[in-house]
Amino acid sequence: MKIAIYPGSFDPITIGHLDIIERALNIFDSLYVVVSVNPSKHGFFTVEERLDMLKEVLKDRPRITVTTNDKLTVQKAKELGATHIVRGLRALTDFEYEFQLTHANRVLDSDIDTLFFMTEQAHSFLSSSAVKEIATFGGDISQFLPPYVSLKLKEKTKNR
Ligand code: ADP
């Protein structure tokens, strides 16, 4: 059984993330979508809210498990029996960061490899940060997000 872990902030999950998830499921039997908990990084949504959205959006996919991680990604991968870390690449700007991360993870645990999916062209300009910014200014974010997430983001920006 091939198992992978897809770590990220998912603050919130977008259709760009969903595309990476769908494609990873073509390769792996089981995929852990993991919200990385970083105490020094303050999210827009709480970890619980992000988990709730991921669980709702991914509820019909039995091969996916949604969870959190407050350890090193490679430690969590080992613990879950995953052999690969899945990440997405958009523009060149992602590359530098992902390059450093991949090599650091490789040094930390050479058994765990990282697999990248190049974004769909249509999602190449899509990021959680851009979507939050558009929502803050009252723009239409529904085309970038699963409907449940779109609703939650509208609620959140309204209450701010
Ligand atoms: P992080 O804070 O770890 O970068 P994100 O939730 O922003 O977490 O992203 C998780 C992963 O998904 C990263 O590898 C990122 O490059 C990728 N990703 C984010 N948005 C997209 C997108 N629109 N298309 C493809 N990959 C994406």
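Numbering of ligands and ligand atoms starts at 1, following listing order. No experiment lies behind these values; they were computed from the predicted model shown.
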Legend entry - Closest approach of any protein heavy atom to atom 8 (O) of ligand 1, naming residue and atom: Ser9 N, 2.9 Å

Inset, instruction - For ligand 1, find out whether one of its N or O atoms is nearer than 3.5 Å to an N or O atom of Gly88. - result: yes

Legend entry - 4.0 Å heavy-atom contact, Glu120 with ligand 1: no

Legend entry - Donor-acceptor under 3.5 Å (Ser150 side chain, Pro146 main chain): no

Inset, instruction - Please determine, by modelled atom types, if Ser40 and Asn38 share a side-chain donor-acceptor pair under 3.5 angstrom. - result: yes

Legend entry - For ligand 1, the portion of Ile20 having any non-hydrogen atom under 4.0 Å away: side chain

Inset, instruction - Give the numbers and elements of all ligand 1 atoms closer than 4.0 Å to a heavy atom of Phe10. - result: 6 (O)

Legend entry - His17 N/O under 3.5 Å from ligand 1 N/O: yes

Inset, instruction - For Asp94, take its heavy atoms, then give the atoms of ligand 1 lying under 4.0 Å from any of them. - result: 16 (O)

Legend entry - Connected hydrophobic set around Phe95, excluding itself, where side chains approach under 4.5 Å: Phe99

Legend entry - Check: Glu120 main-chain N/O paired with His123 side-chain donor or acceptor under 3.5 Å: no

Inset, instruction - Among all protein heavy atoms, pick the one closest to atom 4 (O) of ligand 1 and tell me residue, atom and distance. - result: Arg87 NH2, 3.4 Å

Legend entry - ligand 1 atoms in contact with Lys41 (distance to a heavy atom under 4.0 Å): 2 (O)

Legend entry - Heavy atoms from other residues, nucleotides or ligands near CD of Glu22 exceed 12 (cutoff 6.0 Å): yes

Legend entry - contact_flag Thr14 ligand 1 heavy-atom lt 4.0 Å: no

Inset, instruction - Would you mind checking which non-hydrogen protein atom is closest to atom 11 (C) of ligand 1, with the distance to 0.1 Å? - result: Tyr6 OH, 3.5 Å

Inset, instruction - Answer yes or no: is there an ion pair linking Arg106 with Asp113, defined by an N-O contact shorter than 4.0 Å? - result: yes

Inset, instruction - Report the nearest protein non-hydrogen atom to atom 22 (C) of ligand 1: residue, atom name, distance rounded to 0.1 Å. - result: Arg90 CD, 3.5 Å

Legend entry - Met118 to ligand 1, any heavy atom closer than 4.0 Å: no

Inset, instruction - Without swapping roles, check the side chain of Asp94 against the backbone of Arg90 for a donor-acceptor pair under 3.5 Å. - result: yes

Legend entry - Distance-only N or O hit between ligand 1 and His123, under 3.5 Å: yes

Inset, instruction - Run the salt-bridge test on Asp11 and Arg50 with the 4.0 Å N-O cut-off and return the result as yes or no. - result: yes

Inset, instruction - Of the side chain and backbone of Leu126, name the one, both, or neither that has a heavy atom under 4.0 Å from an atom of ligand 1. - result: both

Inset, instruction - Measure centre to centre between the rings of Tyr6 and Phe10, then say whether the value is under 6.0 Å. - result: yes

Inset, instruction - Say whether, by atom type as modelled, one donor and one acceptor occur between the side chain of Ser128 and the main chain of Pro12 under 3.5 angstrom. - result: yes

Inset, instruction - Look only at interatomic distance and state if Thr119 has a nitrogen or oxygen under 3.5 Å from any nitrogen or oxygen of ligand 1. - result: yes

Legend entry - Presence of salt bridge, Lys78 and Asp111, under 4.0 angstrom: yes

Inset, instruction - Decide whether the shortest distance between a heavy atom of Phe116 and an atom of ligand 1 is less than 4.0 Å. - result: no

Legend entry - Per-atom contacts, ligand 1 versus Glu98 - under 4.0 Å to a heavy atom: 13 (C), 14 (O), 16 (O)

Inset, instruction - May I ask you to decide whether Lys158 forms a salt bridge with Glu155, counting only side-chain N to carboxylate O separations under 4.0 Å? - result: no

Legend entry - Contact check: Gly8 vs ligand 1, nitrogen or oxygen atoms, below 3.5 angstrom: no

